[in-house]
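Quick notes on the structure that follows.
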Amino acid sequence: MKVVIMVAAHKKFPMPDKKGYLPVLVGAAKNYEPGIEYQRDDEGENISAKNPNYNELTAVYWAWKNLKDIDAIGLVHYRRLFFDSKPYNLDNVISIENVEKLLTKYDVILPKKRNYYIETNYSHYIHAHHKEPLDKTREIIVQYYPNYLSNYDKVMHRTQAHMFNMFIMKREAFDSYCQFVFSVLKRLEDKIDISDYSVQEARVFGYISELLMDVWLETNNYPATEVKWEQLGGKKNFQKAVSLVERKIGIKTKTHF
């Protein structure tokens, strides 16, 4: 089985030194610098120029259109990865051998779900981002993808989701996922005006796609499993929880880490 796990990065970073990992420079159409020897996402058929709005999905699109002889394709981030064991460092990222074992039983490998506890996926999104894009996404589902609607509404009412656009999928599942996600997002582009969005909020299509993962998965019933993930050098879990409460109740607490 030929497996490629892309590691999305916007500049040069330490990368896993293991078989099957492919560093991909996202947004290379605009941010390429000489000396970065990663695979660029602006080669072949691509949407690299949309990276400020699509985030790491420009790497996914590149793989979808250009990696034609690969049996399974994955995506992780330069700091957020899947792991086989502790300590969580680049030496212990999930091996291709273990991926292949999992793919004998499952079509899709995802990170363990993120739990928002006191918010649904919908309320969490609209408290953190502009509300219109998510509402317009539902309108698109209703009009063009009605068989996805019941699962869309179920996912929006839950407090858990597979986030971060991280995955490893067999080719058939990967093609199905890409067809759904990119077609929805293209329609969404035509329905919303992001010209006044901040740089952060302009990443809207990447944000929306995170919530579409479970909608796609549960509608198509691909066998899936979860594996451990961690963010290298990221916020502590407690700090993340504090930030969530602050946003929910509208206060700023004094914490020190």
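For Y177 and F167, the gap between ring centers is short of 6.0 Å. Taking the six-membered ring for Trp and the full ring otherwise, W229 and F164 have centroids separated by under 6.0 Å.
Comment: D84 does not engage K228 in a salt bridge, judged by the lack of any side-chain N to carboxylate O separation of less than 4.0 angstrom. Taking a cutoff of 4.0 Å between a charged side-chain nitrogen and a carboxylate oxygen, K2 and D71 do not qualify as a salt bridge. Looking at E97 and K19, a side-chain N of the basic residue comes within less than 4.0 Å of a carboxylate O on the acidic one, giving a salt bridge. Salt bridge annotation for K50-E189: present, with a cationic side-chain nitrogen under 4.0 angstrom from a carboxylate oxygen. At a threshold of 4.0 Å, the pair E45-K68 does not count as salt-bridged, since none of the basic side-chain nitrogens sits closer than that to a carboxylate oxygen.
Within the 4.5 Å cutoff, the side chain of V215 has heavy atoms near those of the Y148 side chain. A 4.5 Å side-chain heavy-atom check between E172 and Y222 finds at least one atom pair inside the cut-off. Using a 4.5 Å heavy-atom threshold, the side chains of M6 and Y21 count as separate. With contacts defined as side-chain heavy-atom distances shorter than 4.5 Å, the pair H129/P133 does not qualify.
In this structure, R203 forms no cation-pi arrangement with Y54, as its terminal cationic atom is not both closer than 6.0 Å to the ring centre and no more than 45° off the ring axis.
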Candidate pair L22 and I5, rule side-chain contact (heavy atoms from CB on, under 4.5 Å), full reasoning: CA-CA 6 Å; L22 177 67; I5 301 176; over 6 Å; no

Worked check of salt bridge (charged side-chain N to carboxylate O under 4.0 Å, His left out) between D153 and R138: CA-CA 8 Å; D153 287 341; R138 189 181 189 279; 2.9 Å; yes

Verdict with reasoning, D214 to N121, per side-chain contact (heavy atoms from CB on, under 4.5 Å): CA-CA 11 Å; D214 285 341; N121 291 317; 5.9 Å; no

Q200 and Y207: CA distance, side-chain angles, deciding distance, side chain to side chain donor-acceptor pair (under 3.5 Å) verdict: CA-CA 10 Å; Q200 187 74 11; Y207 297 145; 2.9 Å; yes

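When W64, W62, F174 are each tested for a ring-ring contact (aromatic ring centres under 6.0 Å, His included) with F182, only one passes: W64. Checked options Y145, W216, Y144; the residue passing with F180 is Y145 (criterion: ring-ring contact (aromatic ring centres under 6.0 Å, His included)). Checked options T104, I96, I70, L103; the residue passing with M1 is L103 (criterion: side-chain contact (heavy atoms from CB on, under 4.5 Å)). The residue from L57, V26, D42, N46 that alone fulfils the side-chain contact (heavy atoms from CB on, under 4.5 Å) condition with N51 is V26.
In this structure, the side-chain hydrogen bond (donor to acceptor under 3.5 Å, both in side chains) partners of D135, at least two apart in sequence or on a different chain, are Y122, K131. For H77, there are no ring-ring contact (aromatic ring centres under 6.0 Å, His included) partners two or more places apart in sequence or in a different chain.
L75 approaches N165 most closely through the heavy-atom pair CD2-O, 3.1 Å. The minimum heavy-atom distance between L185 and S209, with the atom names listed, is CD1-CB, 4.1 Å. Listed here is the closest heavy atom pair of Y106 and K170: O-CE, 3.4 Å.
Put simply, the side chain of T159 never gets that close to the backbone of E119: no donor and acceptor are under 3.5 Å apart. Using modelled atom types, no side-chain atom of N220 and backbone atom of S176 make a donor-acceptor pair closer than 3.5 Å. Judged by distance alone, with hydrogens and angles left aside, the side-chain atoms of N53 form no donor-acceptor pair with the main-chain N or O of F205 at under 3.5 Å. Put simply, the side chain of R158 never gets that close to the backbone of T120: no donor and acceptor are under 3.5 Å apart.
Looking at E226 and H162, their side chains do bring a donor and an acceptor atom within 3.5 Å of each other.
Rounding to the nearest 0.5 Å places CG of L102 at 10.5 Å from CZ of F82.
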